[in-house]
Protein chains: 2
Amino acid sequence: MAQPASRRERARADTLRDIRSAARAVLVDRGVDGLALRAIAREVGLTAPALYRYFASREDLVEQVVADLYGELCEVMEAARDAVDPRAPGTRLLVTARAFRTWATTHPAEFGLLFGSAADGVVPESPGGEGPAAVAGRRFGGVFATLFAEIHLRRPFPVPADDDLDPGYRDQLRAWCAELPVELPLGVMSVFLSCWVRLYGLVCMEVFGHLRFALTDAAPLFEAEMRALGKRLGIVDEWVPPRA
Amino acid sequence: MAQPASRRERARADTLRDIRSAARAVLVDRGVDGLALRAIAREVGLTAPALYRYFASREDLVEQVVADLYGELCEVMEAARDAVDPRAPGTRLLVTARAFRTWATTHPAEFGLLFGSAADGVVPESPGGEGPAAVAGRRFGGVFATLFAEIHLRRPFPVPADDDLDPGYRDQLRAWCAELPVELPLGVMSVFLSCWVRLYGLVCMEVFGHLRFALTDAAPLFEAEMRALGKRLGIVDEWVPPRA
DNA sequence: GCCGTTAGCTAACGGCGTTCACAATAGTAC
DNA sequence: GTACTATTGTGAACGCCGTTAGCTAACGGC
């Protein structure tokens with residue numbers, strides 16, 4: 001862990017950090033569309049071509065920022081999770097989901113970069129590796145998946161039998177399961193997917209304004225959905241009020 | 001309905017249609033990001049500044065395209081709906097939802113323009129009027145809302161009592177209800193929102209690739225969710241197999 | 001035939017991502 | 001201390017973008 005950093009290397013690392021935080025700053029007050037290379041360079045006090053000494057392209061730079069943001073989001077969620085007794089995984093899921101929504105609504109620009117429709121390519125595809133954004137994205141997904149698995153481990157909720165699943169669906173779930181560190185019943189994974197769609201879809205719709213046609217504040221809807229999810233997972237008794 | 005169209009007016013109307021269909025073509029094979037004014041002009045055989053004789057700005061042109069696409073999507077959905085006996089509103093909802101998903105997956109670029117995160121401002125806000133895209137968007141929302149209301153009218157499904165709803169939530173639902181043509185119990189609207197999030201959120205996630213981490217084909221998940229929704233709405237007996 | 005309106009053009013501005021050639025600096029070998 | 005090289009910055013330029021301004025031709029009504 002030493003730092004044999006030749007002055008130059010330290011300077012380079014510093015500039016790298018500066019650029020990434022400048023990019024973050026530009027993202028926040030210029031929005032996703034305003035995240036221009038020249039704007040970032042201006043913020044750091046450099047010219048645009050100089051950034052090419054540090055990143056192969058704008059896309060590359062953005063990917064690093066995405067990875068940073070995933071990391072930050074994960075830490076927020078994990079902190080919320082770890083503040084709750086591990087023996088109450090239902091409560092853990094609840095507070096983690098709330099932390100996710102809170103971060104999303106308080107960091108709309110960052111959330112848009114991570115989860116917006118423009119992130120088509122950035123969002124991790126099924127195959128492994130790729131860029132740092134992909135691994136960071138998997139870490140994010142793993143947080144919820146793990147909580148989910150723990151809930152089912154401690155207090156199994158009803159899941160469809162393998163035979164009740166559509167054959168094609170079953171095969172896909174099996175393929176996905178094969179990539180995961182632990183093996184889970186396919187029914188559990190199908191329930192996870194269903195719950196994930198409800199949670200993630202709701203937060204996306206709120207942040208991207210797709211609920212403004214009806215609501216000005218989606219918090220009560222979110223809480224109602226969380227309660228419905230809790231009921232589905234048999235963890236209503238672990239419910240706790242928000243902003244604890 | 002006569003056409004006192006002075007040759008000029010007819011020519012103008014023709015060019016207008018040409019531009020919009022060219023925009024559509026560019027959208028399809030260049031994607032949302034490739035929907036550039038100059039590209040559209042090239043497709044029509046004009047130069048970019050010429051388009052300003054027809055549209056105030058690129059944003060304006062895009063809004064017209066959005067309105068066109070909403071119209072097309074609505075017609076597809078309404079056609080699917082109207083092919084089913086009105087006395088089976090549950091089946092109508094099912095086939096309409098399937099038509100929605102099918103259009104979305106077979107027209108990803110168009111869907112991205114209508115429902116992507118970049119459509120922040122385009123997606124209709126709660127206040128009335130505004131642009132043609134907003135009214136087209138309301139027509140779209142109305143299709144599902146109406147089906148939903150008809151289902152509840154014909155065969156009421158269980159909904160939360162007003163007193164069971166969070167007071168702040170209740171007020172928002174009331175405000176929303178006031179804008180609607182018909183008056184509905186607040187509990188029905190809350191159930192509609194919940195179902196809407198599941199349906200719409202799922203389709204968005206599929207098209208925008210947010211399910212690729214687990215699935216290559218989201219059709220079975222969609223069908224499973226539709227079945228769950230049907231159960232929630234007490235219309236399982238109206239279920240029909242896909243691609244009828 | 002005249003004249004205002006309309007629809008098209010070219011040229012230009014500032015911005016974008018990106019590449020290139022060049023200058024200055026930092027580190028290294030003798 | 002002096003040469004040499006690698007690194008990090010620069011400005012100029014290319015081709016794209018949305019948009020504006022000024023010009024030219026054709027159309028339509030009198």
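Protein chains get the first letters and strands the later ones, always in sequence-line order, with residue 1 at the start of each. Atom set for the values below is all heavy atoms of this structure, side chains included, hydrogens, waters and symmetry mates excluded.
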Practice prompt. Identify whether the distance between the nearest side-chain nitrogen and carboxylate oxygen of A:E225 and B:R198 falls below 4.0 Å.
Written response: no
Between the CG atom in B:L215 and the CG atom in A:L193, the distance rounded to the nearest 0.5 Å is 5.0 Å
| So does A:E59 have more than 12 non-hydrogen atoms from other groups sitting under 6.0 Å from CD? | no
Do the charged groups of A:D68 and A:R20 touch, with an N to O distance under 4.0 Å? yes
Next on the checklist: Taking only side-chain N and O atoms of B:R42, does any of them lie within less than 4.0 angstrom of OP1 or OP2 on D:dC17?
Outcome noted: yes
Distance-only, no hydrogens or angles: does the A:R138 side chain make a donor-acceptor pair with backbone N or O of A:A133 under 3.5 Å? no
Chain B vs DNA chain C, heavy-atom contacts under 4.0 Å, first-to-last nucleotide span, 5' to 3', is C:dT5 to C:dA12
Q) Are B:E72 and B:R24 within salt-bridge range, i.e. N to O under 4.0 Å? A) yes
In whole angstroms, the gap separating P of D:dC17 from OH of B:Y52 amounts to 12 Å
In numerical order, the residues of residues 24-40 of chain A whose heavy atoms come under 4.0 Å of DNA chain D are A:R38
### Message
If you apply the rule salt bridge (Lys or Arg N to Asp or Glu O under 4.0 Å), what do you find for B:R139 with B:E78, and how did you get there?
### Response
CA-CA 11 Å; B:R139 175 181 168 198; B:E78 287 163 358; 3.0 Å; yes
Checking N1-N3 plus N6-O4 or O6-N4 for Watson-Crick, or N1-O2 and O6-N3 for wobble, each under 3.5 Å, the partner of C:dA24 is D:dT7
(message) Does this structure show an ion pair linking B:E75 with B:R81, if we count only N-O contacts that are shorter than 4.0 Å?
(response) no
Would you say the side-chain atoms of B:W103 and B:E110 include a donor-acceptor pair closer than 3.5 Å?
no
Note: contacts of residues 53-61 of chain A with DNA chain D (heavy atom, under 4.0 Å) are A:R53, A:Y54
**Prompt:** Can we call the ring centroids of B:Y70 and B:F115 under 6.0 Å apart?
**Reply:** yes
Picking from D:dT8, D:dG9, D:dA12, the nucleotide nearest the side-chain atoms of A:A50 would be D:dG9
pair_partner(C:dC3), Watson-Crick or wobble, both distances < 3.5 Å, evaluates to D:dG28
- Task: Tell me yes or no: between the side chains of B:E206 and B:T105, is some donor less than 3.5 Å from an acceptor?
- Result: no
